[in-house]
Amino acid sequence: MIVTLSSESHTKDKRRVYSPISLPGTSNQIQSQVSLAPLTSFRVGGPAEWYIAPDTTAELQATFEWANSEGMPITLLGAGSNLLVSDRGLPGLVIGTRHLRHVYFDLETGRLTAGAGESIPRLAWLAAKRGWQGLEWAVGIPGTVGGAVVMNAGAHTSSTDKILVNASVLSSNGNLEVLTPQSLGYRYRTSALQGTNRLVTQATFQLQPGFERAMVMATTTKHLNDRRTNQPYHLPSCGSVFRNPGPKTAGWLIEQTGLKGHQIGGAQVAVRHANFILNCGWATASDIFELICYIQQQVERRWSLFLEPEVKILGEFPL
């Protein structure tokens with residue numbers, strides 16, 4: 001997605017709320033002016049011009065068809081855990097995938113298939129309780145299956161591309177296709193799907209069944225405790241804000257620049273982990289965006305290195 005920067009002063013627009021739109025063959029309605037702040041982990045952001053959260057692939061196809069017929073831009077929203085949405089909101093149609101939820105364990109192949117809206121931490125626990133290895137690393141990642149596939153989510157030296165068998169993807173013209181990790185063009189924390197309007201509907205992962213339940217549970221619990229010890233979860237955040245440039249991590253670079261605890265408005269660089277930005281309770285999206293830019297400027301000045309955001313920044317922000 002592309003960030004649009006505006007030099008105009010931020011003023012609250014007078015937004016007209018339109019009547020809900022019903023689509024043939026769907027149970028959900030398209031709503032206007034739906035606040036996106038409660039749907040993101042940062043808890044900031046303005047409204048979607050239009051919003052719907054389909055329950056089925058058929059409803060998704062009908063939704064894409066409607067948006068295309070209206071010439072309307074589409075934004076895809078999973079758990080909202082890796083997003084910063086502008087205070088001005090988003091034009092066009094926002095499609096939520098939280099309702100696309102199903103889980104199937106294939107005992108013969110050791111494969112786990114899950115809907116795009118399923119929580120990755122929930123899957124990690126479900127697999128661990130069955131003694132299936134392969135998802136222990138994902139227990140502390142605040143996101144969905146769809147987001148993990150698109151962003152190549154990872155932790156503890158493991159990542160989505162290492163266990164993904166395939167992903168079912170719906171294109172904006174309504175066609176479904178099944179993509180392999182090779183065709184997804186995986187790299188560090190990104191894939192060929194990022195920045196497109198192709199939507200993951202479900203994914204299949206190759207796990208390793210047959211291990212002792214207690215052993216897999218213990219490893220999963222350890223990974224979760226490690227994240228809780230080293231990362232701040234007491235206030236809203238998006239998780240890691242910047243990609244690790246290597247060989248030093250983004251958190252180390254920010255900390256050594258002396259920015260831990262630095263605050264702009266209600267947005268603060270976390271003291272526990274410098275690659276986290278926290279919403280202290282009154283932050284706006286503009287506060288967070290301004291802090292992101294300030295961190296980039298200071299780190300580049302100190303280290304001659306530009307930190308690339310891992311968080312997706314959507315909508316218009318004042319310069």
Side-chain angles (χ1 to χ4, degrees), residues 40-43 78-82 98 100-107 109-165 167 181 186 188-189 202-244 249-252 255 270-279 310-311:
T40 70
S41 59
F42 259 137
R43 297 295 185 262
S81 57
N82 197 39
R98 296 184 180 207
L100 298 176
R101 301 184 64 179
H102 58 267
V103 179
Y104 174 68
F105 286 86
D106 189 326
L107 301 179
T109 64
R111 292 180 174 181
L112 165 62
T113 298
E118 285 290 345
S119 160
I120 281 289
R122 178 173 180 266
L123 287 189
W125 284 120
L126 289 176
K129 289 175 181 177
R130 286 168 172 77
W132 287 34
Q133 285 189 342
L135 268 172
E136 300 93 318
W137 57 271
V139 68
I141 294 178
T144 61
V145 167
V149 171
V150 172
M151 295 295 295
N152 193 18
H156 306 287
T157 71
S158 294
S159 54
T160 303
D161 62 314
K162 294 181 180 179
I163 61 171
L164 183 72
V165 177
Y186 274 128
Y188 174 72
R189 300 297 180 266
Q202 72 173 25
T204 298
F205 304 100
Q206 182 65 62
L207 304 184
Q208 304 299 322
F211 290 86
E212 290 187 11
R213 175 180 179 274
M215 181 184 72
V216 185
M217 287 285 289
T219 303
T220 305
T221 301
K222 180 181 183 302
H223 285 327
L224 180 60
N225 289 339
D226 287 345
R227 290 181 73 91
R228 286 177 172 172
T229 299
N230 299 316
Q231 299 178 359
Y233 288 100
H234 62 296
L235 290 172
S237 77
C238 72
S240 295
V241 175
F242 299 101
R243 302 176 190 274
N244 289 322
T249 66
W252 185 90
E255 179 178 354
V271 174
R272 183 176 295 179
H273 194 305
N275 199 17
F276 277 58
I277 290 177
L278 305 178
N279 177 355
E310 184 172 322
V311 59

A.B. asks: Would you say the side chain of Val216 lies within less than 4.5 Å of the side chain of Thr220, judging by non-hydrogen atoms?
C.D. replies: yes

A.B. asks: So, the side chain of Tyr188 versus the backbone of Asn152: is there a donor-acceptor pair under 3.5 Å, distance only?
C.D. replies: no

A.B. asks: Report yes or no: does Lys162 contribute a side-chain atom to a donor-acceptor pair with the main-chain N or O of Gly154 at less than 3.5 Å?
C.D. replies: no

A.B. asks: To the nearest 0.5 Å, what is the distance between NZ (Lys222) and CG (Asp226)?
C.D. replies: 4.0 Å

A.B. asks: How about Ile163 and Leu135: do any of their side-chain heavy atoms sit closer than 4.5 Å?
C.D. replies: yes

A.B. asks: Got a second to check how far Leu126's CG is from Ser119's OG, nearest 0.5 Å?
C.D. replies: 9.0 Å

A.B. asks: To the nearest 0.5 Å, how far apart are OG1 in Thr160 and CD1 in Ile120?
C.D. replies: 6.0 Å

A.B. asks: Which atom pair, heavy atoms only, marks the closest approach of Arg189 to Ala153?
C.D. replies: NH1-C, 4.2 Å

A.B. asks: Is there a side-chain contact between Phe276 and Val271 in this structure, where contact means two heavy atoms from C-beta onward sitting under 4.5 Å apart?
C.D. replies: no

A.B. asks: Out of Leu235, Val241, Val311, which residue meets the side-chain contact (heavy atoms from CB on, under 4.5 Å) rule with Ile277?
C.D. replies: Val241

A.B. asks: So, for Arg98 and Gly78, which heavy atoms are closest and what is the spacing to 0.1 Å?
C.D. replies: NE-O, 3.3 Å

A.B. asks: Do Leu123 and Val145 have side-chain heavy atoms sitting under 4.5 Å apart?
C.D. replies: yes

A.B. asks: Among all residues two or more places apart in sequence or in another chain, which pass the ring-ring contact (aromatic ring centres under 6.0 Å, His included) test with His102?
C.D. replies: none

A.B. asks: Quick check: does any side chain N or O of Arg272 sit under 3.5 Å from a backbone N or O of Arg228, one acting as donor and the other as acceptor?
C.D. replies: yes

A.B. asks: Would you give the length of the straight line joining atom CG of Asn244 to atom CH2 of Trp252, rounded to the nearest 0.5 angstrom?
C.D. replies: 12.5 Å

A.B. asks: What heavy-atom pair brings Arg243 and Ala250 nearest, and what distance separates the two atoms?
C.D. replies: O-CB, 3.7 Å

A.B. asks: Going by the side-chain hydrogen bond (donor to acceptor under 3.5 Å, both in side chains) test, which pairs reach into residues 124-138, not counting sequence neighbours?
C.D. replies: none

A.B. asks: Which atom names give the shortest non-hydrogen contact between Ser41 and Ser237, and what distance separates them?
C.D. replies: OG-O, 2.7 Å

A.B. asks: Do Glu118 and Arg101 sit within salt-bridge range, that is, some charged N less than 4.0 Å from a carboxylate O?
C.D. replies: yes

A.B. asks: Do you know which two heavy atoms are closest between Arg227 and Ile141, and how far apart they sit?
C.D. replies: NE-N, 4.2 Å

A.B. asks: Can you tell me how far CG of Asn275 sits from CZ of Phe242, rounded to the nearest 0.5 angstrom?
C.D. replies: 7.0 Å

A.B. asks: Determine the minimum heavy-atom distance between Tyr233 and Gln231, stating which atoms define it.
C.D. replies: OH-OE1, 2.8 Å

A.B. asks: I'd like to check the side-chain contact (heavy atoms from CB on, under 4.5 Å) partners of Val165; sequence neighbours left out, ordered by chain and number.
C.D. replies: Arg111, Thr204, Gln206

A.B. asks: Any chance you could measure Thr249, atom OG1, to His273, atom NE2, to the nearest 0.5 Å?
C.D. replies: 6.5 Å

A.B. asks: Any sub-3.5 Å donor-acceptor pair from Asn82's side-chain atoms to Gly239's backbone N or O?
C.D. replies: no

